[in-house]
Amino acid sequence: MYLGLSLLVVGVVLCLNGIWQTGRIQDREIILINAVAALVFFAIVLLTALAAGQPADLLDAGMTLLFGTTYLWVAYNRATGSSGEGLGWFSGLVALTAAPMALRVLAQADGIFDLWLAACWAAWAGLWFLYFLNLALRRGSARLTSTATLFCGVFTGWLPGLAVLHGIAL
């Protein structure tokens with residue numbers, strides 16, 4: 001029910017985070033969008049969990065909570081000047097949690113939108129893995145991560161979110 005809103009918020013925050021990682025947005029400025037995104041996701045989690053009629057609803061709430069926690073953690077790290085290592089390890093666990101979602105959605109696919117959504121879960125799992133490499137292990141490429149963040153923002157969030165909200169997709 002909240003898919004369009006969720007995708008739009010993911011898209012906007014990922015696009016801005018990708019731009020921020022290139023140095024075009026200051027650390028202190030990126031706090032706001034990440035905090036707002038976290039609040040939106042926490043509200044969606046609460047509404048979804050309270051209305052849950054089946055276990056799949058709670059799975060949706062739990063997976064959404066992972067996004068909200070990620071953005072809250074980014075905001076926290078920028079506000080406090082933390083190194084990001086904790087977020088990196090969290091991102092590694094989330095990558096392992098999100099990867100099976102790609103397979104689950106693919107196995108239940110009932111059309112092109114579902115195939116696209118499975119690809120999104122794979123892309124998000126890969127993106128979280130890049131953050132694990134960069135923040136927890138201090139390996140990886142900051143340039144690749146910022147490019148992947150911006151790419152995921154546009155193609156897995158922002159444009160599809162607008163399509164869903166305008167009734168063009170789903």
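Each residue takes its place number in the sequence, starting with 1.
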Geometric class of the F155/F151 ring pair [parallel <30°, tilted 30-60°, perpendicular >60°]: tilted

Stepwise side-chain contact (heavy atoms from CB on, under 4.5 Å) check, L137 with F132: CA-CA 7 Å; L137 301 183; F132 167 70; 3.5 Å; yes

Side chain N134, main chain Y131, donor-acceptor under 3.5 Å: no

Short side-chain to backbone donor-acceptor contact, T22 and I19, under 3.5 Å: yes

Would you kindly confirm whether [X] and [Y] end up in one hydrophobic cluster when ILVMFWY residues are joined by side chain heavy atoms under 4.5 Å apart?
X    : Y   : value
Y71  : I31 : no
V12  : L39 : no
L162 : V13 : yes
M63  : V45 : no
L66  : L5  : yes

Residues W73 and N34: side-chain donor-acceptor under 3.5 angstrom: no

Heavy-atom distance under 4.5 Å between the side chains of [X] and [Y], does that happen here?
X    : Y    : value
L16  : I25  : yes
Q21  : L150 : no
W121 : R104 : no
V94  : W124 : no

Rounded to the nearest 0.5 Å, how far does [atom2] of [Y] lie from [atom1] of [X]?
X    : Y    : atom1 : atom2 : result
F113 : I168 : CZ    : CD1   : 12.0 Å
L46  : L65  : CG    : CG    : 11.0 Å
L135 : S82  : CG    : OG    : 11.5 Å
T149 : L144 : OG1   : CG    : 9.0 Å
L130 : T145 : CG    : OG1   : 4.5 Å
D110 : L115 : CG    : CG    : 9.5 Å

Of all the heavy-atom pairs spanning [X] and [Y], show the shortest one and how long it is.
X    : Y    : result
W116 : P160 : CZ2-CG, 3.1 Å
L7   : G161 : CB-CA, 3.6 Å
G153 : L14  : CA-CB, 3.5 Å
A102 : A122 : CB-N, 3.6 Å
L106 : A118 : N-CB, 3.7 Å
L58  : A52  : CD2-CB, 3.7 Å

Salt-bridge criterion met for R78 and E29 (N-O under 4.0 Å): no

Result of checking Y2, W128, F42 against F67 for ring pair (Phe, Tyr, Trp, His ring centres under 6.0 Å): W128

Neighbour count >12 (heavy atoms, 6.0 Å) for atom CD1, I112: no

Atom CD of Q26: over 12 foreign heavy atoms under 6.0 Å: no

Test log, rule side-chain contact (heavy atoms from CB on, under 4.5 Å), inputs R138 and S83: CA-CA 11 Å; R138 302 287 182 217; S83 68; 3.6 Å; yes

